[in-house]
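Worksheet: the structure to be examined is printed underneath.
Order of the sequence lines sets the chain letters (A, B, ...), proteins ahead of strands, with each chain counted from 1.
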There are 2 protein chains.
Amino acid sequence: MSKQLVGPLTPVGMDDCRVPLVNEPLNAGQAERLAPSFKALGDPIRLRLLSLIASHQGGEACVCDLTDGFDVSAPTISHHLKVLREIGLVTSERRGTWVYYRAEQSALDLLSTVLSVPQGVNV
Amino acid sequence: MSKQLVGPLTPVGMDDCRVPLVNEPLNAGQAERLAPSFKALGDPIRLRLLSLIASHQGGEACVCDLTDGFDVSAPTISHHLKVLREIGLVTSERRGTWVYYRAEQSALDLLSTVLSVPQGVNV
DNA sequence: TACCTAATTAGATATCCATCAAGTCAATGA
DNA sequence: TCATTGACTTGATGGATATCTAATTAGGTA
């Protein structure tokens with residue numbers, strides 16, 4: 001099995017959501033499943049955390065790598081990481097003393113697709 | 001001037017934000033300018049409204065086309081449209097009795113790019 | 001003018017959420 | 001066993017927000 005032939009996995013419960021919203025109207029169910037993910041991205045600290053994790057060497061980052069550079073307390077960082085984790089944008093794993101977070105690229109890719117504007121739409 | 005050669009315009013104040021967040025960490029300023037747009041998308045009614053507008057025949061929709069199919073009052077729809085408009089995801093124009101909303105594709109495209117996962121990132 | 005419809009604004013309210021201090025849990029090492 | 005460090009949970013609080021009803025603005029028409 002060659003990995004590069006495998007397409008992006010769809011996060012659970014999102015099977016029918018991988019469609020550009022400019023193509024056809026989202027139905028109520030799709031909108032209610034997608035909105036919480038965008039809401040999770042709707043905080044500047046969470047956006048930066050996600051970007052730090054996703055762009056970090058090796059595709060993962062230790063919490064200890066994330067707390068610097070923010071003007072909020074450690075519990076607040078922890079809270080935001082929990083929000084990202086519960087919505088499925090990141091996963092976490094404890095290894096010894098440290099906890100590592102990894103971005104869920106399939107979830108990002110799905111949201112990117114929803115917002116994408118295919119060439120020639122509504123021209 | 002041939003229109004198809006013109007790339008997507010960048011919404012004002014977002015010039016340096018059209019970068020995938022998996023490429024490098026967003027700085028605080030970028031995150032603070034991007035987050036409100038995602039927050040605006042973080043409500044299922046607004047997501048559906050945007051999708052209805054963006055996918056509508058001609059790329060625009062009258063408010064009167066938008067109020068059906070929602071379980072909320074007209075002022076609530078109006079409130080959500082205002083949020084989308086103030087963040088720059090849609091524009092509006094009155095024509096006679098009716099007000100028409102149009103999706104700002106460049107804004108959608110920018111957000112899609114921010115969430116996109118370019119091939120080969122962190123492999 | 002008076003009236004009707006479309007859409008928004010104003011004001012009130014209930015709920016949600018970001019934040020912090022304090023406390024707790026987990027792993028490591030003296 | 002105790003102390004230390006990393007990370008999270010709990011509980012409280014102030015501010016934001018989604019929603020409604022009522023009132024208002026704007027355009028069209030008799």
Side-chain angles (χ1 to χ4, degrees), chain A residues 26 28 31-53 56 60-103, chain B residues 26 28 31-53 56 60-103:
Chain A
L26 292 172
E32 270 162 29
R33 274 169 285 138
L34 286 168
S37 293
F38 288 118
K39 181 185 265 187
L41 298 175
D43 180 279
I45 292 180
R46 286 197 291 268
L47 260 190
R48 285 177 68 195
L49 286 171
L50 178 60
S51 182
L52 275 169
I53 295 165
H56 200 266
E60 67 177 13
C62 173
V63 175
C64 58
D65 297 323
L66 301 173
T67 44
D68 294 339
F70 289 95
D71 282 340
V72 295
S73 66
T76 298
I77 296 291
S78 206
H79 160 71
H80 286 303
L81 289 171
K82 184 179 186 179
V83 171
L84 291 172
R85 176 162 33 85
E86 288 184 340
I87 209 67
L89 283 165
V90 301
T91 56
S92 69
E93 178 192 3
R94 173 180 283 272
R95 291 207 292 276
T97 305
W98 299 280
V99 175
Y100 291 85
Y101 280 78
R102 176 174 293 273
Chain B
L26 293 172
E32 269 162 30
R33 275 169 283 137
L34 286 168
S37 293
F38 289 118
K39 180 185 263 186
L41 298 175
D43 181 279
I45 292 179
R46 285 197 292 267
L47 260 190
R48 286 177 67 194
L49 286 171
L50 178 60
S51 182
L52 276 168
I53 295 164
H56 200 266
E60 67 177 12
C62 173
V63 174
C64 59
D65 298 323
L66 301 174
T67 43
D68 294 339
F70 290 94
D71 284 338
V72 294
S73 66
T76 297
I77 297 291
S78 203
H79 158 71
H80 287 302
L81 289 172
K82 185 179 186 180
V83 171
L84 290 172
R85 176 162 33 85
E86 290 185 338
I87 209 66
L89 283 164
V90 302
T91 55
S92 68
E93 180 191 2
R94 173 179 283 272
R95 291 209 291 277
T97 305
W98 298 280
V99 176
Y100 292 86
Y101 281 78
R102 177 175 292 273

Chain A vs DNA chain D, heavy-atom contacts under 4.0 Å, first-to-last nucleotide span, 5' to 3', is dG6(D) to dT9(D)
- Task: Taking the side chain as every heavy atom from C-beta outward, state whether Ser78(A) and Leu81(A) have any pair of such atoms under 4.5 Å apart.
- Result: no
Looking only at heavy atoms, the pair that brings Pro36(B) and Ile87(B) closest together is CB-CD1, 3.5 Å
Within residues 80-96 of chain A, the residues having a heavy atom closer than 4.0 Å to DNA chain C are His80(A), Arg94(A), Gly96(A)
(request) Using the six-membered ring of Tyr100(B), assess whether NZ or CZ of Arg95(B) lies under 6.0 Å from its centre and within 45 degrees of the ring axis. (result) yes
Double-helix bend of the helix from dT1(C)-dA30(D) to dA30(C)-dT1(D), axes at both ends from 5 pairs, round to 10°, gives 10°
Interatomic distance, CG@Leu66(A) vs CG@Leu50(A), rounded to 0.5 Å, equals 10.5 Å
Nearest heavy-atom approach of Val99(A) to Ser92(A) is CG1-CB, 4.1 Å
Under a 4.0 Å heavy-atom cutoff, the residues of residues 62-79 of chain A touching DNA chain C are Asp71(A), Val72(A), Ser73(A), Pro75(A), Thr76(A), His79(A)
The reported gap from OG in Ser51(B) to NE2 in His56(B) (rounded to nearest 0.5 angstrom) is 11.5 Å
Residues pairing under side chain to side chain donor-acceptor pair (under 3.5 Å) where one sits in residues 33-50 of chain B, two or more places apart or in two chains, turn out to be Asp16(B)-Arg33(B), Arg46(B)-His80(B)
Interatomic distance, NE2@His79(A) vs OG@Ser73(A), rounded to 0.5 Å, equals 10.5 Å
Per the under-4.0 Å heavy-atom filter, residues of residues 34-44 of chain A near DNA chain D come out as none
Closest non-hydrogen contact found for Pro44(A) with Ala31(B) is O-CB, 3.5 Å
Between the CG atom in Asp65(A) and the CD1 atom in Ile53(A), the distance rounded to the nearest 0.5 Å is 10.0 Å
Rounding to 0.5 Å, atoms CG (Leu47(A)) and CG (Leu52(A)) come to a distance of 11.0 Å
Query raised in the report: Is there a side-chain contact between Tyr101(A) and Arg85(A), using heavy atoms and a 4.5 Å cut-off?
Result: yes
Result for side-chain contact (heavy atoms from CB on, under 4.5 Å) between Leu49(A) and one of Thr67(A), Ile77(A), Val63(A) points to Ile77(A)
Rounded to the nearest 0.5 angstrom, the CG-CG distance for Leu41(A) and Leu34(B) is 10.0 Å
